[in-house]
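None of these values were measured; they are calculated from a predicted model. So that the names make sense, note that chain A is the first sequence line, chain B the second, and so on, each numbered from 1.
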There are 2 protein chains.
Amino acid sequence: MSTAPGEIEALIALMARLPGLGPRSARRAVLHMLKKRAVVMDPLVQALSRVAASARECRVCGNISDHDLCPICADQARATGILCVVEDVSDLWAMERAGGFRGRYHVLGGTLSALESIGPEVLRIPVLVERVRDEGLREVILALNATVEGQTTAHYIADSLAPTGVAVSALARGVPMGGELDYLDEGTIAAALAARQQL
Amino acid sequence: MSTAPGEIEALIALMARLPGLGPRSARRAVLHMLKKRAVVMDPLVQALSRVAASARECRVCGNISDHDLCPICADQARATGILCVVEDVSDLWAMERAGGFRGRYHVLGGTLSALESIGPEVLRIPVLVERVRDEGLREVILALNATVEGQTTAHYIADSLAPTGVAVSALARGVPMGGELDYLDEGTIAAALAARQQL
């Protein structure tokens, strides 16, 4: 790729580091931008600069926002007695896309990991316990991923919250919408069977 | 996705328009940038701004460059008697990665298309004929894609160059490196058979 000018090479190398892009697709994306400067590249430069200048972490929940307080924490119509704990901002967005939850959030920013020395403080778990005490919450919903790390973290949080007396719940386990038993793993089927519901 | 601030939504929508990215991977890429601001987002903003400010078309060959004349056209060591015609800048880069060609290029910017009203002028074919006359070229290599559009364009160019008396050649057809006959299409095998070479 010695032909592209150094600056374009540098841009391709940076783009290639984004998840979902490799060197080849980054090259294609950059060429596409260069071909469509007015409709793709210039707006992208502006949007990226604006976001880089304005995006920050919400000081209450950890969501990404362009203000000190994210739109959800600032929304007075949101239920204040109920809090949903998620691993990451992408999970918060996924919950919001699904709709149905009208309370507020708490973003951990990851899961506990002894190997990567991610302890409870890094994940803002002490802050979560404080929030539960200060905001007088009724219920905390643990919407963590159904992975070993997510579940270890969920257990740790449930233990940390026990002294506060708040109700702690977790997302239901079962067959996903459109799921076919033949394609599901045994763990999911077993969990769905154990949590079977009366019709 | 109503949760993300408007500016982030706008950035995701722009990223999703790049080839190889969709709404989902664009969202992941933007979140990744926001998480790694110092090592991903800030350098990307800078690189993109620099490229947007400096990148332009080489006035001779149509390659992308940060100068009026691209590094290949400016390189005095490049052979001047031989010219390689490619459809797009990405093809020029592919030729350079392959190595082996030490002459200069002419980028068409596409293929002839009556439907999309892309005529010879849009593809800079008259300029190519002029270059052949003015630069006193010995040979023009047509390195166009082996598609119907590429081949139609190649024939048109060969016809246009006929009055100049320059030698016109095209890339060889045959079995690609590592190619297995069982997996190759009939057209490739037939072309390789017709162009078989004495060992």
- Message: Is M15(A) close to chain B through its backbone or its side chain, or both, or neither, when contacts mean heavy atoms under 4.5 Å?
- Response: both

- Query: Is L144(B) close to L171(B) at the side-chain level, that is, under 4.5 Å between some pair of heavy atoms?
  - Reply: no

- Roughly how far, to the nearest 0.5 Å, is CG of D75(A) from SG of C70(A)? 9.5 Å

- Message: Regarding S113(B) and E149(B), do their side chains bring together a donor and an acceptor under 3.5 Å, going by distance alone?
- Response: no

- R50(A), part contacting chain B, at a heavy-atom distance under 4.5 Å: both

- Query: Is chain B contacted by the side chain of L44(A), its backbone, both, or neither, given a heavy-atom distance below 4.5 Å?
  - Reply: both

- Query: Most heavy-atom pairs under 4.5 angstrom with chain B, which of A26(A), A10(A), A47(A)?
  - Reply: A47(A)

- Message: Please classify the contact of R37(B) with chain A as side chain, backbone, both or neither, using a heavy-atom distance under 4.5 Å.
- Response: side chain

- Query: If you tally heavy-atom pairs under 4.5 Å against chain B, which of L21(A), D88(A), V51(A), L34(A) wins?
  - Reply: V51(A)

- Message: Tell me whether the count of non-hydrogen atoms from other residues, nucleotides or ligands lying under 6.0 Å of CZ in R56(A) goes above 12.
- Response: yes

- Task: Identify which of D66(B), V45(B), L48(B) forms the greatest number of heavy-atom pairs closer than 4.5 Å to chain A.
- Result: L48(B)

- Say whether S169(A) and E139(A), considering side chains only, have a donor N or O and an acceptor N or O under 3.5 Å apart. yes

- Message: I'd like to know if E96(A) and R78(A) make a salt bridge, using a cut-off of under 4.0 Å between side-chain N and carboxylate O.
- Response: yes

- Got S160(B) and P120(B) here, is their nearest side-chain heavy-atom distance under 4.5 Å? no

- Among D42(A), V39(A), L18(A), V89(A), who wins on heavy-atom pairs under 4.5 Å with chain B? L18(A)

- Item | Side chain / backbone / both / neither for K35(B) at chain A, heavy atoms under 4.5 Å | side chain

- Taking every non-hydrogen atom, the tightest pair across V30(A) and I8(A): CG1-CG2, 3.9 Å

- Query: At a heavy-atom separation under 4.5 Å, does L31(B) approach chain A through its side chain, its backbone, both, or neither?
  - Reply: side chain

- Residue selection (most heavy-atom pairs with chain A, distance under 4.5 Å) from A52(B), S25(B), G20(B): A52(B)

- What residue, out of H67(A), E57(A), M41(A), has the most heavy-atom pairs lying under 4.5 Å from chain B? M41(A)

